[in-house]
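As C-alpha coordinates, the structure follows; a few thoughts come after it.
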Protein chains: 2
Amino acid sequence: MDFEQADAINQAIRLLSLRHRARAAALLAPLGLHTGQEALLLELARTGPAIQSQLSEALGCEPPSVTLMTRKLEAGGHIRRSPAPSDKRASVVELTDSGKALADQVKQLWCALAEETVTGLPAETVAELPGILRTLTGNVDTRRSRRPQGDGSVVQRGSAGRIGL
Amino acid sequence: MDFEQADAINQAIRLLSLRHRARAAALLAPLGLHTGQEALLLELARTGPAIQSQLSEALGCEPPSVTLMTRKLEAGGHIRRSPAPSDKRASVVELTDSGKALADQVKQLWCALAEETVTGLPAETVAELPGILRTLTGNVDTRRSRRPQGDGSVVQRGSAGRIGL
DNA sequence: GCATAAATATTATGCGCATAACTAATCCTA
DNA sequence: TAGGATTAGTTATGCGCATAATATTTATGC
(Lines give C-alpha, C1' and ligand atoms only; values in the text may rest on other atoms or scores of the structure.)
Protein backbone atom coordinates (compact mmCIF):
# COMPACT_ATOMS: atom_id res chain seq x y z
CA MET A 1 0.00 0.00 0.00
CA ASP A 2 1.35 3.44 -0.84
CA PHE A 3 1.77 6.07 1.80
CA GLU A 4 -0.96 8.35 0.50
CA GLN A 5 -3.58 5.70 0.92
CA ALA A 6 -2.21 4.49 4.23
CA ASP A 7 -2.13 7.99 5.64
CA ALA A 8 -5.65 8.65 4.42
CA ILE A 9 -6.83 5.69 6.46
CA ASN A 10 -4.78 6.26 9.59
CA GLN A 11 -5.44 9.97 9.63
CA ALA A 12 -9.15 9.45 9.08
CA ILE A 13 -9.34 7.07 12.00
CA ARG A 14 -7.40 9.48 14.17
CA LEU A 15 -9.65 12.39 13.31
CA LEU A 16 -12.81 10.38 13.69
CA SER A 17 -11.65 9.41 17.16
CA LEU A 18 -11.06 12.99 18.17
CA ARG A 19 -14.29 14.36 16.72
CA HIS A 20 -16.65 11.61 17.72
CA ARG A 21 -15.31 11.70 21.22
CA ALA A 22 -15.59 15.47 21.37
CA ARG A 23 -19.16 15.37 20.11
CA ALA A 24 -20.07 12.67 22.61
CA ALA A 25 -18.53 14.75 25.36
CA ALA A 26 -20.59 17.76 24.34
CA LEU A 27 -23.78 15.72 24.40
CA LEU A 28 -23.01 13.98 27.68
CA ALA A 29 -21.94 17.09 29.52
CA PRO A 30 -25.50 18.29 30.27
CA LEU A 31 -26.10 14.96 32.00
CA GLY A 32 -23.05 15.47 34.15
CA LEU A 33 -21.18 12.65 32.45
CA HIS A 34 -17.75 12.49 30.92
CA THR A 35 -16.82 10.35 27.95
CA GLY A 36 -16.34 6.73 28.85
CA GLN A 37 -18.77 6.75 31.75
CA GLU A 38 -21.68 6.32 29.37
CA ALA A 39 -20.21 3.04 28.20
CA LEU A 40 -20.14 1.73 31.73
CA LEU A 41 -23.73 2.75 32.39
CA LEU A 42 -24.89 1.18 29.13
CA GLU A 43 -23.04 -2.02 29.86
CA LEU A 44 -24.63 -2.31 33.28
CA ALA A 45 -28.04 -1.53 31.79
CA ARG A 46 -27.47 -4.23 29.22
CA THR A 47 -26.17 -7.08 31.32
CA GLY A 48 -27.10 -6.21 34.87
CA PRO A 49 -24.71 -6.28 37.84
CA ALA A 50 -21.15 -7.17 37.05
CA ILE A 51 -17.78 -7.19 38.73
CA GLN A 52 -15.14 -4.76 37.62
CA SER A 53 -13.00 -7.23 35.73
CA GLN A 54 -16.01 -8.08 33.61
CA LEU A 55 -16.58 -4.40 32.97
CA SER A 56 -12.96 -3.97 32.07
CA GLU A 57 -13.32 -6.70 29.51
CA ALA A 58 -16.62 -5.43 28.14
CA LEU A 59 -15.55 -1.81 27.88
CA GLY A 60 -12.17 -2.64 26.45
CA CYS A 61 -10.25 -0.59 28.95
CA GLU A 62 -7.87 -1.50 31.72
CA PRO A 63 -8.80 -2.23 35.33
CA PRO A 64 -7.38 1.02 36.72
CA SER A 65 -9.63 2.94 34.36
CA VAL A 66 -12.61 1.01 35.62
CA THR A 67 -11.63 1.77 39.17
CA LEU A 68 -11.74 5.49 38.45
CA MET A 69 -14.93 5.34 36.41
CA THR A 70 -16.78 3.39 39.05
CA ARG A 71 -15.54 5.64 41.79
CA LYS A 72 -16.83 8.74 40.04
CA LEU A 73 -20.13 7.23 39.06
CA GLU A 74 -20.57 6.01 42.61
CA ALA A 75 -19.81 9.48 43.93
CA GLY A 76 -22.51 10.74 41.58
CA GLY A 77 -24.95 8.22 42.99
CA HIS A 78 -25.47 6.42 39.72
CA ILE A 79 -23.99 3.08 40.65
CA ARG A 80 -23.55 1.03 43.79
CA ARG A 81 -20.59 -1.15 44.67
CA SER A 82 -20.83 -4.07 47.07
CA PRO A 83 -18.41 -6.81 47.94
CA ALA A 84 -19.00 -10.01 46.00
CA PRO A 85 -20.27 -12.72 48.37
CA SER A 86 -18.36 -15.55 46.75
CA ASP A 87 -15.08 -13.74 46.14
CA LYS A 88 -13.64 -11.34 48.64
CA ARG A 89 -11.41 -9.77 46.01
CA ALA A 90 -14.19 -8.73 43.68
CA SER A 91 -16.76 -5.98 44.03
CA VAL A 92 -20.12 -6.12 42.32
CA VAL A 93 -21.22 -3.01 40.48
CA GLU A 94 -24.85 -2.26 39.73
CA LEU A 95 -27.01 0.65 38.70
CA THR A 96 -28.95 2.65 41.24
CA ASP A 97 -32.39 3.98 40.34
CA SER A 98 -30.76 7.25 39.46
CA GLY A 99 -28.30 5.36 37.32
CA LYS A 100 -31.06 3.50 35.51
CA ALA A 101 -32.81 6.75 34.71
CA LEU A 102 -29.55 8.23 33.54
CA ALA A 103 -28.85 5.21 31.37
CA ASP A 104 -32.19 5.70 29.67
CA GLN A 105 -31.27 9.27 28.89
CA VAL A 106 -27.94 8.13 27.57
CA LYS A 107 -29.68 5.65 25.30
CA GLN A 108 -31.70 8.36 23.64
CA LEU A 109 -28.67 10.53 23.33
CA TRP A 110 -26.74 7.63 21.88
CA CYS A 111 -29.31 7.17 19.16
CA ALA A 112 -29.17 10.83 18.29
CA LEU A 113 -25.39 10.71 18.11
CA ALA A 114 -25.35 7.65 15.88
CA GLU A 115 -27.89 9.17 13.54
CA GLU A 116 -25.94 12.37 13.39
CA THR A 117 -22.76 10.45 12.76
CA VAL A 118 -23.99 8.46 9.78
CA THR A 119 -25.95 11.29 8.20
CA GLY A 120 -25.64 11.28 4.46
CA LEU A 121 -24.35 7.74 4.13
CA PRO A 122 -26.38 5.30 2.04
CA ALA A 123 -28.42 2.88 4.14
CA GLU A 124 -26.47 -0.14 3.00
CA THR A 125 -23.22 1.45 4.07
CA VAL A 126 -24.72 2.24 7.45
CA ALA A 127 -25.85 -1.34 7.76
CA GLU A 128 -22.42 -2.78 7.24
CA LEU A 129 -20.61 -0.05 9.11
CA PRO A 130 -20.52 -1.78 12.52
CA GLY A 131 -19.09 -4.90 10.94
CA ILE A 132 -16.45 -2.96 9.09
CA LEU A 133 -15.45 -1.05 12.18
CA ARG A 134 -15.27 -4.21 14.23
CA THR A 135 -13.07 -5.83 11.64
CA LEU A 136 -10.73 -2.85 11.73
CA THR A 137 -10.71 -2.96 15.50
CA GLY A 138 -10.04 -6.67 15.60
CA ASN A 139 -7.14 -6.25 13.21
CA VAL A 140 -5.29 -3.90 15.51
CA ASP A 141 -6.47 -5.33 18.81
CA THR A 142 -3.47 -6.25 20.90
CA ARG A 143 -5.51 -7.22 23.93
CA ARG A 144 -7.10 -10.30 22.46
CA SER A 145 -3.79 -12.07 21.94
CA ARG A 146 -3.22 -10.98 18.30
CA ARG A 147 -5.98 -13.21 16.99
CA PRO A 148 -6.59 -11.85 13.47
CA GLN A 149 -10.38 -12.30 13.65
CA GLY A 150 -11.00 -10.82 10.22
CA ASP A 151 -11.93 -13.49 7.71
CA GLY A 152 -12.72 -11.01 4.98
CA SER A 153 -16.46 -10.99 5.13
CA VAL A 154 -18.31 -8.43 7.17
CA VAL A 155 -18.36 -9.47 10.76
CA GLN A 156 -21.55 -10.66 12.31
CA ARG A 157 -23.71 -8.49 14.53
CA GLY A 158 -23.99 -8.82 18.24
CA SER A 159 -21.32 -9.24 20.86
CA ALA A 160 -18.94 -10.95 18.54
CA GLY A 161 -15.92 -10.27 20.62
CA ARG A 162 -17.08 -11.53 23.97
CA ILE A 163 -15.12 -14.52 25.00
CA GLY A 164 -14.61 -15.01 28.67
CA LEU A 165 -17.94 -13.88 30.03
CA MET B 1 -32.71 4.42 14.60
CA ASP B 2 -33.07 1.87 17.37
CA PHE B 3 -30.68 1.74 20.27
CA GLU B 4 -29.10 -1.56 19.31
CA GLN B 5 -27.94 -0.22 16.00
CA ALA B 6 -26.92 3.14 17.42
CA ASP B 7 -24.89 1.52 20.15
CA ALA B 8 -23.24 -0.80 17.67
CA ILE B 9 -22.02 2.22 15.75
CA ASN B 10 -20.99 4.38 18.67
CA GLN B 11 -19.37 1.55 20.54
CA ALA B 12 -17.52 0.40 17.44
CA ILE B 13 -16.11 3.87 16.90
CA ARG B 14 -15.10 4.11 20.53
CA LEU B 15 -13.32 0.76 20.47
CA LEU B 16 -11.65 1.44 17.16
CA SER B 17 -10.30 4.67 18.62
CA LEU B 18 -8.84 2.91 21.63
CA ARG B 19 -7.32 0.01 19.73
CA HIS B 20 -5.98 1.85 16.74
CA ARG B 21 -4.39 4.40 19.00
CA ALA B 22 -2.90 1.70 21.20
CA ARG B 23 -1.51 -0.14 18.20
CA ALA B 24 -0.04 3.05 16.82
CA ALA B 25 1.54 3.76 20.18
CA ALA B 26 3.10 0.32 20.25
CA LEU B 27 4.57 0.79 16.79
CA LEU B 28 5.80 4.32 17.44
CA ALA B 29 7.38 3.57 20.79
CA PRO B 30 10.58 2.05 19.35
CA LEU B 31 11.10 5.32 17.49
CA GLY B 32 10.78 7.27 20.71
CA LEU B 33 7.50 8.83 19.63
CA HIS B 34 4.17 9.09 21.35
CA THR B 35 0.84 9.06 19.58
CA GLY B 36 0.00 12.37 17.97
CA GLN B 37 3.58 13.38 17.36
CA GLU B 38 3.71 11.28 14.22
CA ALA B 39 0.91 13.37 12.75
CA LEU B 40 2.91 16.52 13.26
CA LEU B 41 6.01 15.05 11.66
CA LEU B 42 4.01 13.79 8.70
CA GLU B 43 2.31 17.12 8.24
CA LEU B 44 5.63 18.94 8.19
CA ALA B 45 7.04 16.38 5.78
CA ARG B 46 4.02 16.89 3.57
CA THR B 47 3.76 20.66 3.44
CA GLY B 48 7.11 21.94 4.64
CA PRO B 49 7.60 24.58 7.32
CA ALA B 50 4.45 25.86 8.95
CA ILE B 51 3.45 28.00 11.86
CA GLN B 52 1.72 26.42 14.80
CA SER B 53 -1.74 27.69 14.05
CA GLN B 54 -1.55 26.00 10.67
CA LEU B 55 -0.46 22.80 12.36
CA SER B 56 -3.30 23.10 14.82
CA GLU B 57 -5.69 23.36 11.91
CA ALA B 58 -4.11 20.54 9.92
CA LEU B 59 -3.87 18.13 12.84
CA GLY B 60 -7.30 18.90 14.15
CA CYS B 61 -6.18 19.62 17.66
CA GLU B 62 -6.08 22.75 19.74
CA PRO B 63 -3.20 25.23 19.97
CA PRO B 64 -2.14 24.19 23.48
CA SER B 65 -1.71 20.65 22.26
CA VAL B 66 0.49 21.86 19.45
CA THR B 67 2.56 23.83 21.91
CA LEU B 68 3.30 20.69 23.88
CA MET B 69 3.90 18.51 20.84
CA THR B 70 6.32 20.95 19.29
CA ARG B 71 8.13 21.44 22.55
CA LYS B 72 8.75 17.73 22.97
CA LEU B 73 9.72 17.14 19.37
CA GLU B 74 12.09 20.09 19.58
CA ALA B 75 13.60 18.65 22.74
CA GLY B 76 14.10 15.43 20.81
CA GLY B 77 15.89 17.33 18.08
CA HIS B 78 13.37 16.43 15.41
CA ILE B 79 12.02 19.87 14.68
CA ARG B 80 13.28 23.42 14.86
CA ARG B 81 11.29 26.48 15.85
CA SER B 82 12.22 29.94 14.70
CA PRO B 83 10.40 33.26 14.95
CA ALA B 84 8.44 34.14 11.86
CA PRO B 85 10.05 37.10 10.11
CA SER B 86 6.81 38.71 9.05
CA ASP B 87 4.80 38.12 12.23
CA LYS B 88 6.39 38.45 15.63
CA ARG B 89 3.60 36.44 17.24
CA ALA B 90 4.11 33.34 15.14
CA SER B 91 6.85 30.76 15.24
CA VAL B 92 7.79 28.71 12.21
CA VAL B 93 8.19 24.98 12.73
CA GLU B 94 10.26 22.83 10.40
CA LEU B 95 11.85 19.41 10.37
CA THR B 96 15.52 18.96 11.18
CA ASP B 97 17.53 16.36 9.30
CA SER B 98 16.90 13.98 12.14
CA GLY B 99 13.20 14.80 11.90
CA LYS B 100 13.15 14.12 8.17
CA ALA B 101 14.75 10.74 8.70
CA LEU B 102 12.30 10.00 11.46
CA ALA B 103 9.39 11.03 9.27
CA ASP B 104 10.53 8.57 6.63
CA GLN B 105 10.52 5.83 9.21
CA VAL B 106 7.09 6.88 10.34
CA LYS B 107 5.83 6.71 6.77
CA GLN B 108 6.85 3.09 6.44
CA LEU B 109 5.36 2.29 9.77
CA TRP B 110 2.19 4.09 8.78
CA CYS B 111 1.82 1.93 5.71
CA ALA B 112 2.27 -1.20 7.77
CA LEU B 113 -0.33 -0.02 10.26
CA ALA B 114 -2.86 0.81 7.55
CA GLU B 115 -2.38 -2.55 5.89
CA GLU B 116 -2.71 -4.33 9.17
CA THR B 117 -5.82 -2.31 9.96
CA VAL B 118 -7.73 -3.14 6.79
CA THR B 119 -6.66 -6.76 6.62
CA GLY B 120 -9.48 -8.97 5.46
CA LEU B 121 -11.64 -6.22 4.05
CA PRO B 122 -12.56 -6.40 0.36
CA ALA B 123 -10.54 -4.01 -1.78
CA GLU B 124 -13.55 -1.94 -2.75
CA THR B 125 -14.41 -1.39 0.90
CA VAL B 126 -10.83 -0.34 1.58
CA ALA B 127 -11.01 2.07 -1.33
CA GLU B 128 -14.05 3.86 -0.02
CA LEU B 129 -13.07 3.65 3.62
CA PRO B 130 -11.30 7.01 3.85
CA GLY B 131 -14.30 8.73 2.32
CA ILE B 132 -16.70 7.02 4.68
CA LEU B 133 -14.61 7.88 7.70
CA ARG B 134 -14.29 11.48 6.59
CA THR B 135 -18.02 11.72 6.18
CA LEU B 136 -18.54 10.38 9.68
CA THR B 137 -15.96 12.81 11.00
CA GLY B 138 -17.50 15.75 9.19
CA ASN B 139 -20.90 14.87 10.59
CA VAL B 140 -19.77 15.20 14.18
CA ASP B 141 -17.17 17.89 13.67
CA THR B 142 -17.93 20.81 15.94
CA ARG B 143 -14.81 22.72 15.03
CA ARG B 144 -15.76 23.57 11.47
CA SER B 145 -18.80 25.61 12.45
CA ARG B 146 -21.36 22.79 12.21
CA ARG B 147 -21.23 22.68 8.44
CA PRO B 148 -22.82 19.31 7.59
CA GLN B 149 -20.38 18.56 4.72
CA GLY B 150 -21.89 15.14 4.07
CA ASP B 151 -23.92 15.12 0.88
CA GLY B 152 -24.44 11.39 0.87
CA SER B 153 -21.90 10.33 -1.68
CA VAL B 154 -18.47 9.23 -0.64
CA VAL B 155 -16.32 12.24 -0.03
CA GLN B 156 -13.52 13.07 -2.40
CA ARG B 157 -9.91 12.21 -1.69
CA GLY B 158 -7.21 14.60 -0.65
CA SER B 159 -7.38 17.40 1.86
CA ALA B 160 -11.10 17.79 1.63
CA GLY B 161 -11.47 19.64 4.87
CA ARG B 162 -8.76 22.23 4.46
CA ILE B 163 -10.22 25.62 4.35
CA GLY B 164 -8.13 28.34 5.77
CA LEU B 165 -4.72 27.34 4.54
C1' DG C 1 -1.50 -28.78 53.34
C1' DC C 2 1.61 -25.60 51.83
C1' DA C 3 4.11 -22.92 48.57
C1' DT C 4 3.51 -20.86 44.30
C1' DA C 5 0.88 -18.97 40.58
C1' DA C 6 -3.06 -16.40 39.07
C1' DA C 7 -6.77 -13.14 39.61
C1' DT C 8 -9.05 -8.80 41.53
C1' DA C 9 -8.63 -4.36 42.69
C1' DT C 10 -6.12 -0.28 43.91
C1' DT C 11 -2.54 3.55 44.01
C1' DA C 12 0.95 6.26 41.70
C1' DT C 13 2.44 8.24 37.68
C1' DG C 14 2.62 9.85 32.79
C1' DC C 15 0.86 11.15 28.20
C1' DG C 16 -2.57 13.21 24.89
C1' DC C 17 -5.97 16.35 24.35
C1' DA C 18 -9.31 19.73 26.07
C1' DT C 19 -10.82 24.38 28.02
C1' DA C 20 -9.93 28.77 30.41
C1' DA C 21 -7.19 32.59 31.27
C1' DC C 22 -3.46 35.31 29.89
C1' DT C 23 0.28 38.01 27.05
C1' DA C 24 1.83 40.01 22.99
C1' DA C 25 1.42 41.29 18.31
C1' DT C 26 -1.37 42.47 14.26
C1' DC C 27 -5.48 44.10 12.00
C1' DC C 28 -9.25 47.07 11.31
C1' DT C 29 -12.05 50.86 11.74
C1' DA C 30 -13.53 55.38 12.86
C1' DT D 1 -3.59 57.50 13.95
C1' DA D 2 -5.56 55.83 18.25
C1' DG D 3 -8.22 52.03 20.23
C1' DG D 4 -10.90 47.94 20.16
C1' DA D 5 -11.12 43.41 18.07
C1' DT D 6 -8.74 39.53 16.30
C1' DT D 7 -4.92 36.28 16.05
C1' DA D 8 -0.62 33.51 17.76
C1' DG D 9 1.11 31.38 21.37
C1' DT D 10 1.71 29.97 26.21
C1' DT D 11 0.56 28.43 31.02
C1' DA D 12 -2.48 26.19 34.28
C1' DT D 13 -5.54 22.71 35.09
C1' DG D 14 -8.58 18.62 34.41
C1' DC D 15 -10.18 14.25 32.36
C1' DG D 16 -9.59 9.64 30.08
C1' DC D 17 -6.75 5.99 29.49
C1' DA D 18 -2.31 3.61 29.91
C1' DT D 19 1.49 1.03 32.48
C1' DA D 20 3.95 -0.38 36.74
C1' DA D 21 3.94 -1.70 41.32
C1' DT D 22 1.40 -3.30 45.36
C1' DA D 23 -1.89 -5.73 48.56
C1' DT D 24 -5.19 -9.21 49.07
C1' DT D 25 -7.65 -13.17 47.94
C1' DT D 26 -8.29 -17.40 45.26
C1' DA D 27 -6.66 -21.29 42.55
C1' DT D 28 -3.23 -24.85 41.61
C1' DG D 29 0.59 -28.32 41.82
C1' DC D 30 3.36 -31.25 44.44
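All chains are named by letter (A, B, ...) in the order of the sequence lines, taking the proteins before the strands, and each is independently numbered beginning at 1. Model, not experiment: these values are computed from the prediction.
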### Query
What one-letter contact string describes nucleotides 1-7 of chain C from 5' to 3', where B marks a base within less than 4.0 Å of any protein heavy atom, S marks contact via sugar-phosphate atoms alone, and - marks no contact?
------B

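Proximity of A:Arg134 to B:Leu15: side-chain heavy atoms (C-beta onward) are nowhere separated by under 4.5 Å.
Going from atom CD of A:Glu74 over to atom C1' of C:dA9 covers 14 Å, rounded to whole Å. Taking atom CD1 on A:Ile51 and atom P on C:dT10, their separation rounds to 11 Å, with Å as the unit.
Within 4.0 Å (heavy atoms only), B:Glu62 reaches at least one base atom of the nucleic acid. Across all strands shown, B:Ser91 has heavy atoms under 4.0 Å from sugar-phosphate atoms exclusively, and none from any base.
A salt bridge links A:Glu43 to A:Arg46: at least one charged side-chain nitrogen sits closer than 4.0 Å to a carboxylate oxygen.
Sequence order on DNA chain C of the closest nucleotides to A:Arg81 and A:Ala22 puts A:Arg81 first from the 5' end. Comparing B:Lys72 and B:Pro64, the nucleotide of DNA chain C nearest to each residue sits closer to the 5' end for B:Lys72.
A:Gly36 approaches A:Met69 most closely through the heavy-atom pair O-CE, 3.0 Å. Contact record, A:Leu28 with A:Thr35: CD1-CA, 4.2 Å, taken as the closest heavy-atom pair. Taking both residues in full, the closest heavy atoms of B:Val118 and A:Asn139 are given as C-ND2, 3.8 Å, listed atom of the first, atom of the second, then distance.
Rounding to the nearest 0.5 Å places CD of B:Glu4 at 10.0 Å from SG of A:Cys111. Atom CG of B:Leu16 and atom CZ of B:Arg23 lie 14.0 Å apart (nearest 0.5 Å). Separating the CD atom in A:Glu38 from the CG atom in A:Leu31 is a distance of 10.5 Å, to the nearest 0.5 Å.
From the 5' end on, the contacts that DNA chain D makes with chain B at under 4.0 Å to a non-hydrogen atom open and close at D:dT7 to D:dC17.
Side-chain N/O atoms of A:Gln54 include none lying less than 4.0 angstrom from OP1 or OP2 on C:dT8. For the pair A:Thr67 and C:dA9, the criterion of a side-chain N or O lying under 4.0 Å from OP1 or OP2 is not met.
Within the hydrophobic cluster formed by Ile, Leu, Val, Met, Phe, Trp and Tyr side chains joined at under 4.5 Å, directly or through other members, B:Leu68 stands alone, with no partner residue.
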